[in-house]
Structures are given as C-alpha cells and as structure tokens.
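All heavy atoms count here, side chains included; hydrogens, waters and symmetry mates do not. Here the structure is a predicted model, which is why all the values come from computation and not from measurement. Chain A is the first sequence line, chain B the second, and so forth, proteins listed ahead of strands; every chain is numbered from 1.
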Amino acid sequence: EAAVTQSPRNKVAVTGGKVTLSCNQTNNHNNMYWYRQDTGHGLRLIHYSYGAGSTEKGDIPDGYKASRPSQENFSLILELATPSQTSVYFCASGRSSYEQYFGPGTRLTVL
Amino acid sequence: GDSVTQTEGQVALSEEDFLTIHCNYSASGYPALFWYVQYPGEGPQFLFRASRDKEKGSSRGFEATYDKGTTSFHLRKASVQESDSAVYYCALGDPGTGSNRLTFGKGTKFSLIP
C-alpha cells in the first residue's frame, strides 16, 4: 500500500517565524510535490522534485523553499511566515504515469 | 499556460439522482486528463485517467470520456449515494516537461440533500 506521511498535522506559527513541514514516502517514487489548498483556488503546486537533491519551482513558489535530502523525504520551508500562508498543505509522491499519492495534509495557521 | 475549469463550485442532489460535474481544459498538445476525489479530512485520491481522444476512464461507478473536440472531461455517475459526498478535482498532466506535474481545477463539492 502506497504511503505518504506528513508532520506535523497541525501547526500554529507566528508571523516572521520559520516553519518546516516534513513529508515522507515509502513508495520509492522519484517525484514528490508540495501543494497548498485554499477555498476558491483548489490545489496549487508550490515546489516539486525529480529525486534526491533536486527541487523545482511550481506555480506559486514565492515565500517558500524546498529540500529533498533523500528519495523518501521532501520538506517545505517557510523562512519568514506570513498570515497569507495560512492554508492546508499537501505532499504527494508520483511516478511516470502521473498518478499521485497524497498525504493527509498539514493545517498551518500563521498568526 | 495550461488550465482546467470546473464550472460548478458546489452540487447538491438527492439520493439516486444522476450526477454530472463539468470539466473543460485548455492546453497545448495532448494532455492526459484525471479525476481525483477528496473525502473530508483526507488527501485527494486518484479516481481514474484518460490519455487519448474518446477514451473512457471509470472507477467506483464514476466515468468520464476524453473529448478533444470540446476539450472536456465531464464526470458522471448514474445513481449517487451518501458515500459519494466529497470534493472532486479535474486535472491535466503536462506532457512536455517530464515532471509528471498536474494542473488541478478548483474543485467541485458534492453533497447529498438530506
């Protein structure tokens, strides 16, 4: 069974603080993705990765960095969190068929 | 750039009604088309895909047919149940970059009228 886990599941941060969202997958997929989900916008791609050591900008990368230290792990980093980054964040892994497996999501609130 | 438009933001029906959720796309080339479903409190799940004109994808009683002429991939189900209440996302796959990235529509929330 494909498995993508995210931590933390809920996070409250202060404006200007640093936030790191973590994602782990046991699917042995090369590709990993970070999305945010907001009412009225659906799922929007922030960053993605082709494999360990690679990160690519998605459609809305401003204010976010990503890190892929290994096949299994992909992190999303908010160096200076802002209230506009309050959202639900989803990590996904995928292979060449485009089918992506999503994690359960992280609810981030920036005060 | 590529885009996906889902006409309905919300749909509410009675049990056993026929469900249609409209999806139109704009893309160069020949994208693969997808439907994903998201149940409350969970991440989206792959439902099915279609890769060429007139191909029908189906799963769990849902189906959609790739129509290149009308650039559409409408989701249909003949008889809805309470368990179908969820948010449905149409998506297209970018065929050019090799990244296998998806572009999602804004989603359609389906609920049953009590």
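Within 6.0 Å of NZ on K56(B) lie no more than 12 heavy atoms contributed by other residues, nucleotides or ligands. Residue-environment remark: NZ (K65(A)) stays at or below the threshold of 12 foreign heavy atoms within 6.0 Å.
Chosen from Q37(A), H41(A), R107(A), the residue pairing most often with chain B at heavy-atom distances under 4.5 Å is Q37(A). For the set G43(B), P44(B), A91(B), the entry with the most heavy-atom pairs within less than 4.5 Å of chain A is P44(B).
At a 4.5 Å heavy-atom cutoff, the contact between Q38(B) and chain A is made by side-chain atoms alone. Using a 4.5 Å cut-off between heavy atoms, L45(A) touches chain B through its side chain atoms alone.
No continuous path of hydrophobic side-chain contacts links I77(A) to Y35(A) [ILVMFWY only; heavy atoms under 4.5 Å]. Under the 4.5 Å side-chain heavy-atom criterion for Ile, Leu, Val, Met, Phe, Trp and Tyr, L76(A) and Y101(A) are members of distinct hydrophobic clusters. Transitive grouping of hydrophobic side chains (ILVMFWY, heavy atoms separated by less than 4.5 Å) brings Y39(B) and L75(B) into a common cluster. V88(A) and Y64(A) end up in different hydrophobic clusters when Ile, Leu, Val, Met, Phe, Trp and Tyr side chains are linked at under 4.5 Å. Under the 4.5 Å side-chain heavy-atom criterion for grouping Ile, Leu, Val, Met, Phe, Trp and Tyr, F90(A) is not connected to L108(A) through any hydrophobic cluster.
Inspection of non-hydrogen atoms places F104(B), G105(B), K106(B) of residues 103-114 of chain B under 4.5 Å from chain A. Interface residues of residues 53-60 of chain A toward chain B, defined by a heavy-atom distance below 4.5 Å and sorted by number: K57(A), G58(A), D59(A).
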* Asked: Is there a side chain to side chain contact (heavy atoms under 4.5 Å, CB included) between F102(A) and Q45(B) once you walk through the steps?
  -> CA-CA 7 Å; F102(A) 284 78; Q45(B) 301 174 22; over 6 Å; no
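In terms of modelled atom types and a separation under 3.5 Å, the side chain of Y36(B) and the main chain of Q100(A) share a donor-acceptor contact.
Looking at Y48(A) and L102(B), their side chains never come closer than 4.5 Å, going by heavy atoms from C-beta outward.
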